[in-house]
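In what follows, chains are A, B, ... by sequence order, proteins preceding strands, each numbered from 1. Remember, predicted model here, so these are calculated numbers, not experimental data.
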Amino acid sequence: MDFALTEEQLMLQESIGGYLRSACPLDSVREATEVGTTHVPKIAAGLAELGAAGILIPEELGGVGMGFLEAALISEALGSVIAPVSFVASSVMAPVALLGAGSQDQRERWLPRVASGEVLIGVGISEHIGRRETDGIFADDDTLTGKAMFVLDGMDADTLLVADNEAQLYLVQASDVTRNKLKTIDRTRSVAEIVLDQTSAEILPGSVNNRKHLNDMVNAGRVMLAADTLGAAGTMLEQAIEYAKERRQFNRVIGSFQAVKHMCSEMAADLEPCRSLVWYAAHAIRAIPDEATLMACHAKAHLAETGRFVARKATEVHGGMGFTDLLGLHYWFKRIGFDRQLLGAPEVVREEAAVAQGWI
Amino acid sequence: MDFALTEEQLMLQESIGGYLRSACPLDSVREATEVGTTHVPKIAAGLAELGAAGILIPEELGGVGMGFLEAALISEALGSVIAPVSFVASSVMAPVALLGAGSQDQRERWLPRVASGEVLIGVGISEHIGRRETDGIFADDDTLTGKAMFVLDGMDADTLLVADNEAQLYLVQASDVTRNKLKTIDRTRSVAEIVLDQTSAEILPGSVNNRKHLNDMVNAGRVMLAADTLGAAGTMLEQAIEYAKERRQFNRVIGSFQAVKHMCSEMAADLEPCRSLVWYAAHAIRAIPDEATLMACHAKAHLAETGRFVARKATEVHGGMGFTDLLGLHYWFKRIGFDRQLLGAPEVVREEAAVAQGWI
Amino acid sequence: MDLAYSPEYEQYRMEVRQFLDANRDQSPPPYGRGNGDGKARDWQKLLIENGYAARTIPKEYGGFGGEPDILKSHIIAQEFASAGVRPGHSGDNRLVPTVLELGTEDQKQWLVPPTVRGDMIWCQGYSEPGSGSDLASLSTRAIVDGDDFVINGQKIWTSGAQHADMIFCLVRTEPDAPKHQGISYLVFSMDTPGIEVRPLVTMTGEATFNEVFFTDVRVPKHQIIGNRGEGWFVANNTLKHEREGLGDPNQAENRFREIVDLMQRETMDSNRLIDNPTYRDRLLSLQGRMLAMKFNGMRVLTSQIKEEEPGLPRWIIKLQGCELNHQMAAMAIDSMGELGILYDDGPYLRDQGRWQQRYMMDLGLIIGGGTAQIQKNMIGERALGLPKEPKFEKPLN
Amino acid sequence: MDLAYSPEYEQYRMEVRQFLDANRDQSPPPYGRGNGDGKARDWQKLLIENGYAARTIPKEYGGFGGEPDILKSHIIAQEFASAGVRPGHSGDNRLVPTVLELGTEDQKQWLVPPTVRGDMIWCQGYSEPGSGSDLASLSTRAIVDGDDFVINGQKIWTSGAQHADMIFCLVRTEPDAPKHQGISYLVFSMDTPGIEVRPLVTMTGEATFNEVFFTDVRVPKHQIIGNRGEGWFVANNTLKHEREGLGDPNQAENRFREIVDLMQRETMDSNRLIDNPTYRDRLLSLQGRMLAMKFNGMRVLTSQIKEEEPGLPRWIIKLQGCELNHQMAAMAIDSMGELGILYDDGPYLRDQGRWQQRYMMDLGLIIGGGTAQIQKNMIGERALGLPKEPKFEKPLN
């Protein structure tokens, strides 16, 4: 019975966190977003060197062969510094699909290049969480036709992983599709709309008539977004506490006012248990598969709610300065907002949690 | 354009309020609830003299012929002092039904006695808001068989107004039915379960194949419960403010602590607009019938939510003393809790509001 | 309770409508600033002549010179809004009343007529980086040098500074006086040498506000409104006017209609969003709050018509109204799912991205113009009579 | 992360289970107080002998004398709970550790063994009507008269005072010292002349607590634990132990199961409550919070096993856990509609009226044992390092 990080996990956390703190200060985030970059090669290369890109990929395929808890720690670290790099889709969701449903050949072809950072794979499956407009992809022989919206890490990817209307998974080349950037509130992330028109596609054979792999991918992605929010909200809370200790009004530091102090305490009290929920949900993916879906749903939904609360209150603690671009607090605010809506907004995800435990 | 009480309404409010403050102090509420009285004849007689029992009943039938806003002011005053007297069912819901659907003969037979306080009419229609267990009443010739739960003012009534499964309304004599007291958290109110077994009943002819009168009755009852909550919550807020001004801790009156001050401000800010909502909903019943159902639903649901918030926060402001019986604060707390659940808990009532505006 | 308007006011409403029908061709676009090509100036002139703008400002200072009549003002606002026509203005609703009440005759002649015409645009120089909630601690200094004040310091949250002709500004003129007593209220041209305006970008990505820097800005001594050291009290009028606009229940009602429309229009898995019971219930909770605020607004309006102090119902408007707007935006975003994160532009953006924009802007309003915390202090102390926090003589911590 | 128990502990768990299987016939009813007919005394004795009660209390004072092992304690608690068997106790978890740490040898011999056996039942005399959150301002006085302290004053919130044999009590012995330094910690029999116990009825209708009045109560001077004037510091240990129990995540998880059961069982208009999407969504939100608190509890337990200070995850348990319980009760009441108001007894009462009872009791816990406001002060100051409110020398307002 040891509900804690191992020495190895703590070291990983420290190495990734330390690297990101120096490689990815707010100024470099600003710079990247101003020129429209959502995947800064230099930062990504450093992360790949530390094993982040291949975190889930077995050593024999060029990765470091760690688990989802390690991946969640990386995601949290990325959220902490709002890093403009692809991770959730390319380094977690796509490897889950390839490892679970890919052929030996496919794994060998793609995963070493993902692990090295040479290839990025975007993931477009949002219509399986909630279908909008006319999106949806249909297979015909070896081609796909249709549209996928909200393709995660979509603009930076070389290769795209999509699902047809029966949840079968395919790889297509980004160069073979029409791809439109969707502008969102979070400029550190890229999402794309892609249009396929008899585009040649390579099916992952394990996904034929088997929805499991899509579900596994969604579970993993949700836990990663929850971890990202944990990181981002953690930073916002830290910044609020720091500000409350320094900013003076009415001849006192504002943190000595009960109203401000209690906002900080409420944030901390709501956020701290989230860490344990994310850890458990990440751990459960492999170790307690019966609970994986339920816990992924709860991690996603609960972090979305707590994240929203922290994002708002931390901004309030900063007063007007929190509302300006000067401190850059809004980058975290928006990243939390993005994480909330992607792969299912809370009400949608909670309803899936009801299904997962047989309530409906 | 005059969204305010008239001189006459202010006088009514003052006369009823003044009477209740002297006739119904907390000690008399305690005394009544300890012996199990939910309709104290002396208080009721004084109210009847001031016109409360016949507030909606036309002058030619012995009442004072006023409107729903006046009735709401009385209900609010009763909630303020948590008066142990029947009002919502006997003086509002039953007269609405009799005036709307009763024959001339029925009105003349019952309403003068209601107005004088000689007769109390309980109302049992809860299965039309949400049916539980095996309740429901079925008509056969001039008799009724079945069960009604949560009959409002039910134990003190001489006569009972019930609805059959087609929402047709009937009067039955309390002495002809089996009646069981249901113990609730709020000892200032009576609700009963009644069992009818081929009990002779007198139909209100206007209700034959016409659900309107049941709806009108429910709308009026909901506005009255909302007004009752407004009164009870108003008193809790006042008590909290008084306590915050007097109680000292850490060498200061606690009202000077931001945490306590803000709780009071939040209560006031949430509660004050409720007054306008209740006024409007009461006014709309007659003056803007198209909006009557929607506004009654919103008044009921929104006051339930705000009432819960105030009940809780006012108790918190009192610290441990709020949790004891010593100050009697819990009488108001429980009355607000009772009002919340009767005639539809908030979620149920809001769904009706959706129907009322054609959303579903 | 009588929600109808008397025949006199119904008649007035008809007049306004007839005016709008007859003249709307001459109106400039609904939104905009300044007099632009002159169309806006002509429009404002026409409105003043007809009593639809600057209604209560005396004729000698360029207004219509009417008696205050809140119901007429309300009718004008409603009719212009529902016709989608740009309303007139009364100059600057913070500056003009202040000058009319406390300015010299010269100042009134100098400042009010061009302001009312729309030829003199103002910005407000109150807040400073170091004095947000604690406005009276401001540190921009003005030192007397000959016939001038010489100003050095910095202001923030100055909306419209880049377009303004003039600024009304609080500066510390008596550094040794207690903090509320050392402030003066100055007015001066934004063209005065030594003023630098830097746009202040907010989280919405727009530069609605500015920082304004003063370096040896010379302002003639007579450009003070009220006495030296009394600026804090002069400004309090202005602050009161500013706060009233925030949390307007009519705005909340309009936004509520928009969100219902969105949820009836938009689908997910082929179901309308409003058919999702969880979203619907949340929408209905917001409707209950919106209605309560709407009727509360009618109650406040009634008090104002009767020249009674509205008290608590008015004190709470900003706190509750801004929060309600924020919650409506949050609900819209949530129900849209992934579509809710879209921003700026693009083919799938709903309602021009307004909901995200409002979600952030409303948070800014919750913080600005007196944070929610300060609002709660004020409600507690002024409306409920709770004691203030004890003061400290010396800086602590 | 390894959620399994090591073979050693799995083995221990099996031993506990075997013990329970073999001996459960001898256990008294699951709940109850004192030793009653002796069955409870025998049971406690058996548990101590086997190391399932008073595990870490030294043998010479009547305990089992085992090494502290949080995981074993946890396993014992889990197994007794899931078997529905009355667990043993360690005397009084506030008094016993205090006496063992700070008492004299005589005091240990006198107080600990009978307490551990269950023959000496304690109540706590800390809170006073005038000193709730500000406990250190207590005013019950003890004056030295010969070899005795003579106590006058009043305590409140004294749970179990009507059944207790003894009280441990804070009294002011040095009225002129600063308020934290004038307090002493006394222990004495509840049979001492001059003590009057009056039941304190709460909003639930039950008298869970009491008021205790002292009139010239004489207590021998040697019945003090620690030094004169150091009672505040003696008591802090005890307070720490008391607070830990509140907000227990295992309790929240059990209650969550109950509410799911209720909502799957109960119907309205022939639909199960859990089939109402709005209630279901609310239930799921609560589940998310409950799970977060459950796993947070596992994290705290892990820290304790490793003898690390758990920090923030532990500080927040009371605040969050009590609130969660309160919200679950509110949800249960709401979903039951009219059934939710039933209380006391009656044919339609669901779950014995527990939800209403809990709704009120949990609010009492939010207020008691340090109100939510005091909890937030503590989290802010001790866990987050925010500065305290400035102190005032003189009473203000």
Subject >> Test side-chain contact (heavy atoms from CB on, under 4.5 Å) applied to D:R172 - qualifying residues, sequence neighbours left out >> reply: D:L138, D:K179, D:I183
Are [X] and [Y] close enough that some pair of their side-chain heavy atoms sits under 4.5 Å apart?
{"X": "B:D339", "Y": "B:L303", "value": "no"}
{"X": "B:K334", "Y": "D:I341", "value": "no"}
{"X": "D:L363", "Y": "D:Y359", "value": "no"}
{"X": "B:L225", "Y": "B:L342", "value": "yes"}

If I measure from the heavy atoms of chain D, does [X] come under 4.5 Å with its side chain, its backbone, both, or neither?
{"X": "B:E193", "answer": "side chain"}
{"X": "B:F150", "answer": "side chain"}
{"X": "B:R189", "answer": "neither"}
{"X": "B:K181", "answer": "neither"}
{"X": "B:L343", "answer": "backbone"}
{"X": "B:R247", "answer": "side chain"}

Subject >> Contact winner vs chain B - D:D334, D:I333, D:T267, D:D345, heavy-atom pairs under 4.5 Å >> reply: D:D334
**OP:** Quick one: which of D:E338, D:M360, D:M268 has the most heavy-atom pairs under 4.5 Å with chain B, could you say?
**Re:** D:E338
So that I can tick it off, tell me whether [Y] and [X] are bridged by a salt bridge, with the cut-off set at under 4.0 angstrom between side-chain N and carboxylate O.
{"X": "B:E316", "Y": "B:K313", "value": "yes"}
{"X": "D:R358", "Y": "D:D351", "value": "no"}
{"X": "B:E352", "Y": "B:R222", "value": "yes"}

Subject >> side-chain hydrogen bond (donor to acceptor under 3.5 Å, both in side chains) partners for B:E31, two or more places apart >> reply: none
Part of [X] within contact of chain B (heavy atom distance under 4.5 Å):
{"X": "D:L200", "value": "side chain"}
{"X": "D:N377", "value": "neither"}
{"X": "D:D344", "value": "side chain"}
{"X": "D:T208", "value": "neither"}
{"X": "D:L349", "value": "neither"}
{"X": "D:A207", "value": "neither"}

Subject >> Proximity of residues 323-332 of chain B to chain D, residues having a non-hydrogen atom under 4.5 angstrom >> reply: B:F323, B:T324, B:D325, B:L326, B:H330
Original post:
Do D:Q357 and D:Q352 meet the criterion of a side-chain donor-acceptor pair at a distance under 3.5 Å?
Top reply: no
Original post:
Is a side-chain donor-acceptor pair under 3.5 Å present for D:E174 with D:Q181?
Top reply: no
Original post:
What's the spacing between B:N180 CG and B:M155 CE if we round to 0.5 Å?
Top reply: 7.0 Å
**OP:** Hey, could you give me the CD1/CD distance between D:I366 and D:Q373, rounded to the nearest 0.5 Å?
**Re:** 10.5 Å
Original post:
Any idea which heavy atoms bring D:S127 and D:W157 closest together, and the distance?
Top reply: CB-CD1, 3.7 Å
Original post:
Which pair of non-hydrogen atoms, one from B:P346 and one from B:A304, has the smallest distance, and what is that distance?
Top reply: CG-CB, 3.7 Å
Original post:
Taking only heavy atoms into account, what residues of residues 275-286 of chain D are found under 4.5 Å from chain B?
Top reply: D:T278, D:Y279, D:R282
**OP:** Let me see the working for B:T38 and B:D156 under side-chain hydrogen bond (donor to acceptor under 3.5 Å, both in side chains), right down to the final yes or no.
**Re:** CA-CA 7 Å; B:T38 49; B:D156 298 308; 2.5 Å; yes
